[in-house]
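In what follows, every chain begins at residue 1, and chains take the letters A, B, ... in the order their sequences are listed.
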Protein chains: 2
Amino acid sequence: MTSDLTPVRPVHLDRSSPVPLYYQVATRLQELIEKGEIGVGARIENEVDLAERLGVSRPTTRRAIQYLVERGMLVRKRGVGTQVVHPKVRRPVELSSLYDDLVAGDRAPRTEVLDLRVIPASDSIAASLSLEAGSSVTWIERLRFAGGEPLALMHNAIPLDVLEVTAADLAAHGLYELLRRAGHVPRIATQVIGARSATAAEARILEEKRGASLLTMTRTAWDTTGRALEYGSHLYRASRYSFELNLSAG
Amino acid sequence: MTSDLTPVRPVHLDRSSPVPLYYQVATRLQELIEKGEIGVGARIENEVDLAERLGVSRPTTRRAIQYLVERGMLVRKRGVGTQVVHPKVRRPVELSSLYDDLVAGDRAPRTEVLDLRVIPASDSIAASLSLEAGSSVTWIERLRFAGGEPLALMHNAIPLDVLEVTAADLAAHGLYELLRRAGHVPRIATQVIGARSATAAEARILEEKRGASLLTMTRTAWDTTGRALEYGSHLYRASRYSFELNLSAG
DNA sequence: GTCAATACTTTGTCATGACAAACTGACTTG
DNA sequence: CAAGTCAGTTTGTCATGACAAAGTATTGAC
């Protein structure tokens, strides 16, 4: 079992760039692996040699490799070396919005804003968002279409000082996109995914039969500083949608 | 706004221990935060001072803090400092088994093995496990109870050389526990979570009404070396179970 | 008194050097 | 010939030192 040791050749690092060196190295390695120039199962150069050839220190090389290890592309074994185990990055779990997913999947999303107003938060919503009971929140109700068919009925509550939106904004953009644009980057979220049967009203809106199975998802998202950005309670047509997750345990 | 700078005092590090220093430091910090001795919002000592007081180098201190940052407890800001944002570790996503979850939740799990035999893998299962079509796999069908009630109907396929199990093993232990015991540690998995209505047979087994909503979950799990360990296709009673996920985007 | 420039604090990046631990493979020895 | 030993390879951990970048607080000028 001779595993071919793949030499990574042409690498130009830009020391004047604001992009950290370790990140430049990691990106370069990632490209080589994604393109298949370093195949699955192949061993990459050892840290010391790689560092020397690239003209960077070993810690920098280590950090670059570590970055790809955490993403599931590489595996390291002491005394053995570093091996490619997967040709693509596996993100731990995408903290993206449904809208982004649909755009990425070419499924022509469309959003209909059913309701948009400012209301005092219910106790449970206030608790989820770490607000005082009765604080004002923006309440949003949207119907999301994909490929011309209704896909999800979405309810959101957003603290007033986090975001100001218009129905037009919501019709044209995903909620997470608007949040990001306002400088609020969601970083941590807790989700609960369940299922239940549609009520008559829900079935009518989603064009399902009464009693059809729906996926439910409630989520609270925070930014890096621990500030709650969004509470969501959504209903998806189980016949048209499912959640895909990539998990990695460390 | 004077944020109290919390000094972390008594720390004994064991330099002769095989446990890395950075991990000892991280664990100690984590304890202090979980116990509430360093409250949410409080700033911790800066890296340089902390390193000096603990008698370790700054990189070691940095690595310990970084570890907790990745787990969502701490937030760092250049020029500002490091702050506690959450009093508990938020695991990215638990790659645990249902059995472990139930045990942890004191819900008295019980397992009934409905089927256990070796069969040639179907094309789709072989593809999921990266096996050649027709390879033999162990096929397992289990009914999982919690609190005396049926909770999930579980189907698994496992490559023959990964695990040998008896019905008695499966009745007494979770599948992931058995895998780990055999030296196969699941590290990466992809899951798809959906929903559908129960068939008559499924409803009968799970003691639900016909047409009741069920949660579906299919999963493939790999170890660190990229070897496929397990394929699972499970059905959960939506009235009794939901998935809880903690996400963090980097 | 207000605003801009400056000094200070704190984390981010990078280099160099050293030793330890785990795995591999070849060699030695019985 | 088989099994244990030992050397070599490669990653893991840790220390020291230095400078850069970002944010905060102070100071000074108008």
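- Remark: P of dT10(C) and CD of Glu52(B) are 13 Å apart, rounded to the nearest angstrom.
- The minimum heavy-atom distance linking Val165(B) with Leu116(B) is given by the pair O-CD2, 4.0 Å.
- Pro20(B) comes within 4.0 angstrom of sugar-phosphate atoms only, judged by non-hydrogen atoms across all strands, and of no base.
- Other residues, nucleotides and ligands place more than 12 heavy atoms under 6.0 Å from the CD atom of Glu34(A).
- Atom CZ of Arg78(A) and atom P of dT24(C) are 13 Å apart (whole Å).
- The pair Arg227(B)-Asp161(B) meets the salt-bridge criterion, with a side-chain N (NZ, NE, NH1 or NH2) lying under 4.0 Å from an Asp/Glu carboxylate O.
- Residue Leu54(B) contributes atom CG, which lies 13 Å from atom P of dC14(D) at whole-angstrom precision.
- A residue-by-residue look at Lys77(A) and Tyr23(A) shows that Tyr23(A) has its nearest nucleotide of DNA chain C further toward the 5' end.
- The pair Glu31(B)-Arg28(B) meets the salt-bridge criterion, with a side-chain N (NZ, NE, NH1 or NH2) lying under 4.0 Å from an Asp/Glu carboxylate O.
- Here the P atom of nucleotide dT11(C) and the CZ atom of Arg63(B) are 19 Å apart, to the nearest Å.
- Comparing Pro59(A) and Gly81(A) by the nucleotide of DNA chain D that holds the closest heavy atom to each, the one mapping nearer the 5' end is Gly81(A).
- In this structure, Leu50(A) atom CG and dT10(D) atom C1' are separated by 13 Å, rounded to whole Å.
- For Arg58(B) and dG12(C), a side-chain-to-base donor-acceptor distance below 3.5 Å is present, hydrogens and geometry of angles not being considered.
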Check your understanding: Step by step, would you call Arg76(A) with Gln66(A) a side chain to side chain donor-acceptor pair (under 3.5 Å)?
Key -> CA-CA 9 Å; Arg76(A) 304 215 257 195; Gln66(A) 189 61 36; 2.6 Å; yes

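- For Asn46(A), counting side-chain heavy atoms from C-beta on, the closest listed nucleotide (dT10(D), dA15(C), dG12(D)) is dT10(D).
- At a threshold of 4.0 angstrom between heavy atoms, the contacts of Arg62(A) include nucleobase atoms, whether or not backbone atoms are also involved.
- Regarding Glu47(B), its CD atom lies at a distance of 15 Å from the C1' atom of dA15(D), rounded to whole Å.
- Atom CD in Gln83(A) sits roughly 14 Å away from atom P in dC23(C) (whole-Å rounding).
- Closest contact between the side chain of Arg15(B) and the listed nucleotides dT16(D), dA15(D), dA15(C) involves dA15(D).
- Between Thr60(A) and dT13(C) there is no side-chain polar atom (N or O) within less than 4.0 angstrom of OP1 or OP2.
- For dT10(D), the OP1/OP2 oxygens have no side-chain nitrogen or oxygen of Thr82(A) closer than 4.0 Å.
- Listed candidates were dA15(D), dG12(D), dC14(C). Nearest to the side chain of Tyr22(A) is dC14(C).
- Protein atom CG of Leu21(A) is 7 Å distant from nucleotide atom C1' of dC14(C), rounded to whole Å.
- Picking from dA15(D), dC14(C), dT11(C) the nucleotide with the shortest atom distance to the side chain of Arg76(B) gives dT11(C).
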